[in-house]
Amino acid sequence: MVSELMLQQTPVNRVLPVHEAWMERWPTPGDLAAASTGDAVRAWGRLGYPRRALRLHAAATAITERHDGVVPAEYADLLALPGVGDYTASAIASFAHGRRHVVLDTNVRRVLARAVGGTEFPGTSITRAERDVATALLPDDEATAATWAVATMELGALVCTAANPRCGSCPLADRCAWLAAGRPAHDGPPRRAQAWAGTDRQCRGRLLAVLRDAEGPVHRSVLEATWSDVPQRERCLASLLDDALVARTGPDTYALP
DNA sequence: CAGTCGTGGTA
DNA sequence: TTACCAAGACT
């Protein structure tokens with residue numbers, strides 16, 4: 001569960017060392033629940049999307065209170081946890097508990113888009129038809145379904161990659177609709193690139209990095225020195241406070257919660 | 001449903 | 001150097 005939360009939109013290579021340290025420090029949900037959210041945010045390091053650290057902490061608390069400290073195996077119970085959406089609930093139920101679930105992440109979606117749909121990339125959002133295809137392909141046997149879930153994800157992550165897919169070593173090469181069609185390039189509107197420079201996300205990241213790397217409370221002047229656009233800086237600091245990623249420790253000082 | 005939310009590697 | 005991402009969730 002910890003790795004799945006960390007892997008949401010974050011490359012495996014970056015997650016590995018953080019995950020290892022995290023699990024050594026907080027081996028059980030109860031251990032994490034007993035820690036402060038500030039420690040969780042700091043241990044999250046530079047994985048990005050730090051609200052995931054808060055959600056994981058909140059999930060650990062919920063598991064401790066509602067599930068006797070044991071990560072539930074039921075999809076509905078998992079889905080009810082903070083930071084756990086359809087993908088993560090299915091992944092935990094399937095990978096950790098061997099349950100039969102459609103695990104539809106970006107890798108699997110790409111594999112199905114190519115092998116079945118004959119297109120290079122899936123759409124921006126999951127469609128009903130897409131889920132129907134994935135459901136129809138899922139093996140009936142529970143154990144086999146769990147293996148299928150891992151296998152299709154790995155296929156997408158290691159072979160049927162977004163850029164430079166290794167069709168030469170793909171086990172589906174002889175039945176892939178996209179390959180059979182000559183690997184036609186993605187048509188239609190280009191996927192919107194996410195802006196970064198000058199955005200609130202960059203500003204929030206800059207502010208939080210200062211607090212994360214600081215020993216204790218930080219004076220307002222230090223935060224002000226990290227971002228020149230005053231209205232934006234104030235807006236971002238307010239949103240960080242609102243998200244409970246930052247706490248006000250005095251009239252002019254701030255720190256991790 | 002589209003917008004928002006971090007970060008650092010890679011072509 | 002810039003563009004484009006990488007095992008989503010939430011609003």
Side-chain angles (χ1 to χ4, degrees), chain A residues 1-19 41-59 62 78-96 101-112 120-128 130-131 134 149-165 186 189-213 226-227 232 235-246:
Chain A
M1 178 174 180
V2 172
S3 69
E4 287 302 337
L5 266 289
M6 290 182 173
L7 285 165
Q8 291 169 0
Q9 298 287 282
T10 305
V12 180
N13 294 337
R14 204 176 312 162
V15 165
L16 282 173
V18 179
H19 175 262
V41 171
R42 182 171 282 107
W44 194 258
R46 309 184 68 79
L47 288 182
Y49 295 138
R51 290 187 295 188
R52 290 182 296 166
L54 296 181
R55 293 174 185 152
L56 182 54
H57 183 278
L78 288 163
L79 191 62
L81 297 172
V84 178
D86 170 68
Y87 161 74
T88 303
S90 301
I92 295 171
S94 182
F95 302 158
H101 284 282
V102 170
V103 178
L104 206 50
D105 79 324
T106 186
N107 289 301
V108 178
R109 293 187 64 211
R110 186 172 55 251
V111 169
L112 297 183
E120 186 178 18
F121 298 115
T124 52
S125 56
I126 297 179
T127 63
R128 175 59 191 272
E130 201 174 346
R131 184 167 292 280
V150 189
T152 50
M153 266 192 69
E154 289 299 300
L155 184 62
L158 304 177
V159 178
C160 193
T161 52
N164 308 315
H186 176 73
R191 289 124 47 162
R192 267 199 58 172
Q194 40 190 349
W196 174 244
T199 61
D200 283 6
R201 298 164 72 181
Q202 184 186 30
C203 181
R204 283 167 56 103
R206 197 78 65 81
L207 293 172
L208 198 60
V210 172
L211 300 175
R212 185 196 303 129
D213 299 336
T226 65
W227 199 264
Q232 184 176 32
R235 177 174 71 246
C236 289
L237 181 56
S239 71
L240 287 170
L241 287 164
D242 190 57
D243 288 343
L245 278 168
V246 173

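Note on naming: letters A, B, ... go to the chains in the order of the sequence lines (proteins, then strands), and numbering restarts at 1 for each one. We use all heavy atoms of the structure for the numbers below, so side chains are in, but hydrogens, waters and symmetry mates are not.
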Mind checking [X] for me? I need base, sugar-phosphate or nothing, with any heavy atom below 4.0 Å counting as a touch.
{"X": "A:R109", "answer": "nothing"}
{"X": "A:D105", "answer": "sugar-phosphate"}
{"X": "A:G85", "answer": "sugar-phosphate"}
{"X": "A:L47", "answer": "base"}
{"X": "A:N13", "answer": "nothing"}
{"X": "A:T199", "answer": "nothing"}
{"X": "A:D243", "answer": "nothing"}
{"X": "A:V84", "answer": "sugar-phosphate"}

Nearest whole Å is fine: how far is [N] [atom2] from [X] [atom1]?
{"X": "A:F95", "N": "C:dA7", "atom1": "CZ", "atom2": "P", "result": "12 Å"}
{"X": "A:R110", "N": "C:dG8", "atom1": "CZ", "atom2": "C1'", "result": "15 Å"}
{"X": "A:R46", "N": "B:dT7", "atom1": "CZ", "atom2": "P", "result": "6 Å"}
{"X": "A:W227", "N": "B:dG6", "atom1": "CH2", "atom2": "P", "result": "12 Å"}
{"X": "A:E120", "N": "C:dC4", "atom1": "CD", "atom2": "C1'", "result": "14 Å"}
{"X": "A:L78", "N": "C:dA7", "atom1": "CG", "atom2": "P", "result": "22 Å"}
{"X": "A:D86", "N": "C:dG8", "atom1": "CG", "atom2": "C1'", "result": "10 Å"}
{"X": "A:L237", "N": "B:dC5", "atom1": "CG", "atom2": "P", "result": "14 Å"}

Does any donor atom in the side chain of [X] or [Y] lie under 3.5 Å from an acceptor atom in the other side chain?
{"X": "A:Y49", "Y": "A:R55", "result": "no"}
{"X": "A:Q8", "Y": "A:Y87", "result": "no"}
{"X": "A:R52", "Y": "A:T10", "result": "yes"}

For this session: State, with a plain yes or no, whether a side-chain heavy atom of A:R46 is found less than 4.5 Å away from one of A:R212.
Result: yes

Shortest side-chain distance from [X], nucleotide among [options]:
{"X": "A:T88", "options": "B:dC5, C:dA7, C:dA9", "result": "C:dA9"}
{"X": "A:A162", "options": "C:dA6, C:dC10, C:dA7", "result": "C:dA6"}
{"X": "A:R51", "options": "C:dA7, B:dC5, B:dG6", "result": "B:dC5"}

Exercise. On a whole-Å scale, what distance lies between the C1' atoms belonging to B:dC5 and C:dA6?
Worked result: 14 Å

Problem set entry | Span that lies between the P atom of B:dT4 and that of C:dA7, in whole angstrom | 23 Å

Problem set entry | salt bridge (Lys or Arg N to Asp or Glu O under 4.0 Å) involving A:R109 - partner list, sequence neighbours excluded | A:E130

Exercise. Between A:N164 and A:S125, which has a closest nucleotide on DNA chain B that is more 5'?
Worked result: A:S125

Exercise. Are A:R52 and B:dT7 close enough that a side-chain N or O sits under 4.0 Å from OP1 or OP2?
Worked result: no

Problem set entry | Phosphate OP1/OP2 of C:dG8: any A:Q8 side-chain N/O under 4.0 Å | no

Exercise. So does A:R14 reach the base of B:dT7 with its side chain, donor to acceptor, closer than 3.5 Å?
Worked result: yes

Exercise. Got a donor-acceptor pair under 3.5 Å from the side chain of A:T10 to the base of B:dG6?
Worked result: yes

Problem set entry | Toward the 5' end of DNA chain C, by each residue's nearest nucleotide, A:P82 or A:L7 | A:L7

Exercise. With the threshold set at 4.0 Å, does a side-chain nitrogen-carboxylate oxygen contact exist between A:R204 and A:D243?
Worked result: yes

For this session: Go through the structure and list residues passing side chain to side chain contact (heavy atoms under 4.5 Å, CB included) with A:R235, not counting sequence neighbours.
Result: A:D200, A:Q232

